[in-house]
Protein chains: 2
Amino acid sequence: MATATVLKKGRKFDQVLEGARTVFMRDGFEGASVDDITREAGVSKATLYSYFPDKRLLFLEVARAECARQADAAIQTIDMTAAPREALTAAARRITSFITSDFGQRVYRICVAECDRFPDVGRAFYQSGPLVVRQRLADYLTAATARGQLAVDDIPLAADQFAELCKANLQARTLFGATPCAPAEVERTIVGAVDMFLARYAV
Amino acid sequence: MATATVLKKGRKFDQVLEGARTVFMRDGFEGASVDDITREAGVSKATLYSYFPDKRLLFLEVARAECARQADAAIQTIDMTAAPREALTAAARRITSFITSDFGQRVYRICVAECDRFPDVGRAFYQSGPLVVRQRLADYLTAATARGQLAVDDIPLAADQFAELCKANLQARTLFGATPCAPAEVERTIVGAVDMFLARYAV
DNA sequence: CCGCCGCTGAACTGAACGGTCTATGTTTAG
DNA sequence: CTAAACATAGACCGTTCAGTTCAGCGGCGG
């Protein structure tokens with residue numbers, strides 16, 4: 001990759017990136033100081049600045065890597081041939097577990113906070129997260145509809161609706177720290193999402 | 001109110017709060033400088049610090065006021081006696097218009113970003129926003145179910161589901177600035193939400 | 001007319017932070 | 001073995017910013 005070649009110059013490159021990841025994820029962009037990052041990475045400031053021209057670019061690189069990681073996690077495909085209830089339940093479980101995970105929450109929080117300052121980060125997150133999920137779901141819905149297992153007229157809308165149903169209450173709760181989400185509640189949300197979706201789109 | 005009495009001392013109090021509101025909403029907590037706020041409020045720094053011991057407390061006060069304002073807006077009640085389709089459509093229109101509004105988006109963004117540093121802000125937002133909507137919806141669903149117009153078993157879940165369906169794609173899109181949301185799309189989301197909800201819970 | 005009180009505006013402090021510079025290893029080529 | 005080239009640590013610099021201080025101003029009650 002051209003950009004990576006431009007950046008990567010020494011053996012401590014990954015160390016810097018890893019330290020930056022830790023600190024940025026913990027403290028956000030403004031909250032993280034470059035000194036913290038060097039300490040965390042076990043690297044000197046000059047070393048850091050030899051790899052990245054400034055803090056902003058370092059953050060963008062970390063964000064890009066996180067988005068890619070998220071895309072990888074999301075791409076674990078839905079079983080395209082499974083019956084609707086099974087396929088949707090499995091998908092819902094994946095989505096809810098990401099949303100309630102510490103990692104998912106931190107990424108979301110930072111992207112929401114910083115995509116004002118860094119529009120690229122917001123777009124990258126959206127495209128490598130929600131959009132991937134939406135596309136996967138849409139693919140499945142298309143296949144299932146073709147097979148006559150579902151009757152979906154507006155596929156993109158249905159995909160969005162299902163993804164959103166999986167979040168019901170869970171995302172807000174974890175994000176604003178009102179009360180922790182019990183596993184039973186997650187399960188209830190999943191079943192509720194699948195039931196509602198099938199009530200609307202089953203043949 | 002006891003706390004207000006402790007704080008309020010002079011005629012420029014509201015001026016300070018208003019200026020702080022403007023700047024915090026525009027720039028967030030870290031992004032806002034106290035000097036900016038005094039300039040915006042047309043007030044000296046000493047005056048500001050005579051009302052609020054520090055920036056953090058000032059922010060909390062602004063956030064509390066914003067949450068209250070949001071609660072007021074949300075409280076405009078659903079017509080409890082209307083038929084499901086009309087009542088739900090009206091509710092959906094209120095919810096979507098708040099979500100896609102500049103104001104709603106800013107409040108949400110700031111709360112998500114800062115509720116790590118200020119857990120109180122997160123909780124206040126949740127309780128005076130999503131929770132109020134949820135309660136209103138639950139009240140309506142209870143009434144409509146009693147009237148035999150709907151058949152909802154798990155009322156809190158159904159309320160969350162409906163609120164969430166209204167966000168489908170709209171919130172993520174506006175938040176991450178991928179592409180603006182056309183009014184037609186909002187309408188499509190509203191109709192989709194109501195259709196799906198009724199498919200699941202109509203008698 | 002006096003004294004009080006809220007307010008002003010500007011100067012100041014101390015700390016934090018992004019970014020740079022220099023002195024000191026460390027590696028590699030000849 | 002030596003010297004050039006590069007990597008590194010961390011002191012250092014300039015700036016920004018929260019919060020303080022203080023001398024003075026204007027209006028209002030007594």
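Each chain gets a letter, A, B and so on, in the order the sequences are listed, and its residues count up from 1. The figures that follow rest on heavy atoms only: side chains count, while hydrogens, waters and symmetry mates do not.
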Is the shortest side-chain N/O distance from [X] to OP1 or OP2 of [N] below 4.0 Å?
{"X": "A/S50", "N": "D/dA7", "result": "no"}
{"X": "A/K55", "N": "C/dG18", "result": "yes"}
{"X": "B/Y51", "N": "C/dC7", "result": "yes"}

Worksheet entry | Aromatic A/F29 / basic A/K55 pairing, under 6.0 angstrom, 45° off normal | yes

Discussion item. Rounding to an integer number of Å, can you tell me how far A/D36 CG sits from C/dC17 C1'?
Written reply: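 Those two atoms, CG and C1', are 10 Å apart.
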
Item to complete: Measure the distance from CG on A/D35 to P on C/dG19 and round it to the nearest whole Å.
Response: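 Rounded to whole Å, this separation is 11 Å.
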
Discussion item. If you take any heavy atom closer than 4.0 Å to DNA chain D, which residues from residues 37-46 of chain B end up in contact?
Written reply: B/K45, B/A46

Worksheet, complete the sentence: The salt bridge (Lys or Arg N to Asp or Glu O under 4.0 Å) partners of B/R173 (sequence neighbours excluded) come to B/E185

Discussion item. Regarding B/S33, tell me which of base, sugar-phosphate or nothing describes its non-hydrogen contacts under 4.0 Å with the strands shown.
Written reply: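 If one applies the 4.0 Å heavy-atom cut-off, B/S33 turns out to touch the sugar-phosphate alone, with no base involved.
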
Please tell me which of the listed nucleotides, [options], lies nearest to the side chain of [X]?
{"X": "A/K12", "options": "C/dT8, C/dG18, D/dA9", "value": "D/dA9"}
{"X": "B/D54", "options": "D/dA9, C/dT20, D/dG19", "value": "D/dG19"}
{"X": "B/T47", "options": "D/dT8, C/dT20, C/dT8", "value": "C/dT8"}

Worksheet item: Do the two ring centres, one from B/F52 and one from B/F13, sit under 6.0 Å apart?
Response: yes

Worksheet item: To the nearest 10 degrees, what angle separates the axes at the start and end of the helix from C/dC1-D/dG30 to C/dG30-D/dC1, five pairs each?
Response: 0°

